[in-house]
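Reading through the C-alpha cells given below for one structure.
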2 protein chains.
Amino acid sequence: MARRSDRPTLRTIAEMTGLAVTTVSRALLDAPQIALETRQRVQRVAREIGYQPDRAARHLRTGRTNVISFVLDPHDELLGFSTSMISGLTRALRDTQYHLVITPHFAEAPTLDPIEYILRNRMADGVVFSRTEPKDPRVKLLMENDFPFVSHGRTDLGIEHAFVDYDNAAFARMAVERLVSKGRRRLALILPPDRFMFRRHLRDGFQEAVERAGVASELPGDINLDSDAADLYAWLTWRLRQPDPPDGMVCAGEVSALSLMAALSDQGLTVGSDFDLVVKQTSLLYDEVRPRIDAVYEDISQAGETLGKLLIRRIAGERPSALQFLQEPVPRFTDRGQGTRTAIGARQSA
Amino acid sequence: MARRSDRPTLRTIAEMTGLAVTTVSRALLDAPQIALETRQRVQRVAREIGYQPDRAARHLRTGRTNVISFVLDPHDELLGFSTSMISGLTRALRDTQYHLVITPHFAEAPTLDPIEYILRNRMADGVVFSRTEPKDPRVKLLMENDFPFVSHGRTDLGIEHAFVDYDNAAFARMAVERLVSKGRRRLALILPPDRFMFRRHLRDGFQEAVERAGVASELPGDINLDSDAADLYAWLTWRLRQPDPPDGMVCAGEVSALSLMAALSDQGLTVGSDFDLVVKQTSLLYDEVRPRIDAVYEDISQAGETLGKLLIRRIAGERPSALQFLQEPVPRFTDRGQGTRTAIGARQSA
DNA sequence: CTATCTATTTATAACGTTATAAATCCCATG
DNA sequence: CATGGGATTTATAACGTTATAAATAGATAG
C-alpha cells in the first residue's frame with residue numbers, strides 16, 4: 001500500500017506540469033487537439049519519470065485487454081513444439097502493448113472449453129490455437145462472436161479466416177519423391193489421427209506423388225502420429241515380418257520417427273541401406289541422430305512469430321482473407337552435408 | 001460496446017436480488033457480516049447467471065493481479081524444457097484465480113530485465129524463473145522488494161528463499177557409480193557454463209564419486225552444455241584421438257548427448273561396448289534412441305507443478321524456508337528393461 | 001415505551017484511465 | 001468594442017470492484 005503511491009500515474013504528471021489529468025492523457029495519446037508543444041512537454045516528463053500506463057485501469061475503461069492468448073495443447077508436451085511457438089509469439093509481441101497469456105487446455109476437456117472461457121470472460125483481444133479440425137468448432141464459435149484469432153492450421157468450413165499453416169501436402173510429395181529417387185518401391189505414411197485437418201493434406205500429397213511415381217503404398221490404420229511409442233514400435237516390428245513390407249516411410253512426427261527407427265534397428269535393418277525414412281523435423285534433433293536420415297524442416301518458431309503478427313493485424317481490423325500464410329517445406333536431406341546444419345543454428349541464436 | 005452490457009456484473013445480481021452492489025460483493029466474498037441466508041441466495045444467483053468477477057476491476061481496486069509470471073529463458077528453445085515447465089505450472093494454477101503470463105527474456109538482454117519490468121509495472125503477484133546463478137541478481141532484487149518468487153535452482157547468497165531444484169550432485173554420483181560398475185575407468189563430465197549454480201552441484205557430486213571409486217576423471221574446459229552441437233562433436237572427435245581418451249561420460253543435456261553419440265558413432269565406437277554414457281533425460285526421447293543408453297530422469301513438468309504450488313503458498317505469506325524442494329534423480333538404466341518406460345508414459349497421459 | 005445494543009445492509013469514495021461534453025482562451029472580424 | 005470561431009484545455013462521468021464508514025432494522029434491556 002505504501003508502495004502503491006510511488007508508482008507514477010497520470011495524476012503525478014498532471015501535478016508536475018500543472019495540467020489537468022485529462023490533458024495529460026490526451027497528450028500521451030498524441031491527440032491532435034492538444035497543442036504540439038504541450039504534447040512534447042508531457043511526453044518528455046512521462047519518459048523522465050518512467051511512466052507506464054496501468055493496464056488494469058486501461059482495460060477497465062476501454063474494454064481492451066492488450067492480451068493475446070495462446071491455447072496450450074496438452075499433446076505438445078513432447079519436444080519443443082509449444083516452446084518454439086511461444087518463443088515465436090513473444091518475438092512478434094515484443095515492443096507492442098500485448099502480453100502473452102497461456103490458456104491451458106487439459107487433455108480430458110473439450111477443445112472448445114478454453115475458447116469459451118476466453119470469450120465469456122473477455123480474457124484477451126485475440127487468440128492463437130493449433131491442431132485444427134476440418135469442421136473446427138473453435139473456428140466456428142470465434143467467427144460467430146467476431147472475435148479475432150489466427151489458427152495454426154486450416155479448416156474446411158467454407159469460411160475465410162486467418163491462419164498460418166505448413167504445406168503438409170508439399171512435404172508429403174517431397175518426401176515421396178526423395179524416397180523414390182533412392183529406389184524405394186513400397187512406401188508407408190504414418191498419418192495423424194482422423195480428426196485433424198492436416199491428415200488430409202498429408203494423405204493427398206502422399207497419394208498424388210505415389211501415383212505419379214507408380215510405386216506401391218500403404219496407410220496403416222492401427223497406429224497414428226499420436227500413438228504411444230510402444231505401439232508404433234510394436235506395429236512396425238510386426239509389419240516388417242508380414243508379406244511385402246514397406247521399404248520406405250514418411251513420418252511427420254519427430255519422436256514417432258525415433259520409435260520407428262528403434263524398431264528398424266532392433267529388426268536388424270539399417271536405415272540408409274535396407275530402408276529409408278523421411279521425417280518432418282521441427283527441432284535440431286535430427287542433425288545429431290545417427291544414422292543420419294532425411295528430414296524436412298518446419299520452422300515452428302517462425303510460425304509462432306507469423307501467427308502473432310497476423311493476429312495483431314487482425315485485431316486492428318484487417319480482413320481475414322489477407323491474413324493467411326502457408327509455410328513452405330525446407331528439405332534437409334542427408335547428402336546436403338554440413339552446410340544446412342549451421343543455417344538453422346544461426347537463425348535460432350539470432 | 002453493445003456486447004459489454006450482456007456480461008453480468010455485481011450490478012446485475014444486485015438488481016436481480018434487490019440488494020445493493022456492496023452487499024452482493026460482500027456476500028460473494030462470504031463476509032460474516034452478511035446474513036447466511038442472503039449469502040447463499042446471492043451465491044446461487046451468481047452461479048445461475050454465470051457471474052465471473054472482472055479481473056481488471058478487481059486488480060484496479062485491490063492491487064492484486066492474480067497473475068503468475070513465468071520468465072521464458074531464450075535458451076530453452078530446444079526440446080521441451082519450457083513446455084513441460086509451463087504445462088506443470090498450468091496444472092498447479094488450475095482451479096485457482098491465477099493466470100499464467102509469459103514474460104520473455106531475449107537472449108541479448110540482461111537476466112534482470114524481465115524481473116525489473118515485472119516489479120516496476122506490478123505485472124504479477126509472483127514470478128518463476130530458472131537457471132539460477134550463485135549470486136543471482138534476480139533473487140537479490142526480488143528479496144529486496146519483498147516480491148514473491150520461486151526459483152528453479154538454488155543460489156549461494158546466504159539468503160533463505162523458495163526454490164525447486166533437481167539434485168544434480170546426486171545425479172552425478174549416480175552416473176559415476178553406474179559407469180564404474182560397468183568397468184569404465186576414465187570418466188569425463190560435460191559441465192554447464194561457469195555462471196550457473198548447478199555447475200557446482202554437478203561437479204561436486206562427480207568429483208566425490210570419482211574419488212571414492214578411485215578412477216581417473218576429466219572436466220573439459222573448451223566446451224559446455226550450451227555449446228553448439230558442432231563444437232561438442234568436434235571436441236569429442238578430437239579428444240578421442242588424443243592420449244588416454246575417456247571411456248565413459250556423464251552429460252546433463254539431452255541434445256548435447258546426441259552430439260556426443262554422433263561423434264562416438266562416427267569414430268567407430270559402439271556405445272555400450274567400447275564406451276558408456278549416462279545422460280540426464282527430461283523427455284521421452286531416450287526411450288526411443290538406439291543404441292539404448294543409460295539415462296537418469298528429471299521430471300520437469302513435475303518441477304513446474306511444484307513451483308506453481310509453492311509460489312501460491314509464498315504469495316499467501318508462508319515463510320520461504322518452508323518452501324524448498326529438492327527433486328530426487330530417477331535412474332532409468334538400460335538393464336531395467338521395458339517396465340520403467342511405461343511408468344513415465346502413464347504419468348504424462350494421466 | 002424509550003434507549004441501547006447487535007445484526008445486517010447500504011452509501012460513499014476510490015483505484016487509474018479515457019470518452020464526451022463543456023469551458024476557456026485567444027485572435028480575427030465586422 | 002462586442003462577436004464569432006477555432007484552438008486548446010478542463011470538468012464530469014463512467015468502466016467494475018471493494019474498503020470504510022454510516023445507516024437502518026430488529027431485538028433487548030431498562
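Every chain is numbered from 1 and lettered A, B, ... according to where its sequence line falls, protein lines coming before strand lines.
A straight line from CG of Leu10(A) to P of dT18(C) spans 6 Å, rounded to a whole angstrom. Separating the CZ atom of Arg122(B) from the P atom of dC15(C) is a distance of 16 Å, rounded to the nearest angstrom. At whole-Å resolution of the value, CZ in Arg11(A) and P in dT18(C) are 16 Å apart. When the C1' atom of dC15(D) is taken as reference, atom CG of Leu60(B) falls 9 Å away, rounded to whole Å. In this structure, Gln52(B) places its CD atom 11 Å from P of dT17(D), rounding to the nearest Å. Rounding to whole angstrom units, CZ of residue Arg7(B) and P of dC15(D) are separated by 14 Å. Rounded to whole Å, the distance from CG on Asp54(B) to P on dG16(C) is 16 Å.
Which of dT20(C), dT17(C), dT17(D) sits closest to the side chain of Arg58(B) comes down to dT17(D). Minimum atom distance to the side chain of Val21(B) is reached by dT17(D), of the listed dT17(D), dT20(C), dC15(D).
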Tabulate protein N/O versus nucleotide N/O from nucleotides 22-27 of chain C, keeping only pairs under 3.5 Å, one per line.
none

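The base of dT18(C) lies close enough to the side chain of Arg61(A) for a donor and an acceptor atom to sit less than 3.5 Å apart.
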Distance-only check: which donor-acceptor pairs under 3.5 Å involve side-chain atoms of residues 24-38 of chain B, not counting sequence neighbours?
residue	atom	partner	partner atom	Å
Asp30(B)	OD1	Arg39(B)	NH1	3.4
Asp30(B)	OD1	Gln43(B)	NE2	3.2

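Here the rule is side-chain contact (heavy atoms from CB on, under 4.5 Å) with Ile312(B), and of Leu307(B), Thr96(B), Asp125(B), Val150(B) only Thr96(B) fits it. For the side chain to side chain donor-acceptor pair (under 3.5 Å) test with Asp165(A), the passing option among Arg154(A), Gln327(A), Gln324(A) is Arg154(A); the others fail.
Residues of residues 23-47 of chain B having a heavy atom closer than 4.0 Å to DNA chain D, listed by number: Ser25(B), Arg26(B).
Under the 30°/60° scheme for interplanar angles, the aromatic rings of Phe81(B) and His152(B) are found to be tilted.
At the heavy-atom level, Ala20(B) lies under 4.0 Å from the strands shown only through sugar-phosphate atoms.
Using a 3.5 Å distance cut-off with no hydrogens or angles, the side chains of Gln302(A) and Thr306(A) do pair a donor with an acceptor. Arg319(B) and Ser321(B) are linked by a side-chain donor-acceptor pair at a separation below 3.5 angstrom, with hydrogens and angles left out of the test.
Surrounding CZ of Arg11(B) are at most 12 heavy atoms belonging to other residues, nucleotides or ligands under 6.0 Å away. At most 12 heavy atoms of other shown residues, nucleotides or ligands fall within 6.0 angstrom of atom CZ in Arg120(A).
Nearest-nucleotide mapping onto DNA chain C: of Leu19(B) and Ala57(A), the residue sitting toward the 5' end is Leu19(B).
In summary, Asp54(B) and Arg122(A) do not engage in a salt bridge, as defined by a charged side-chain N under 4.0 Å from a carboxylate O.
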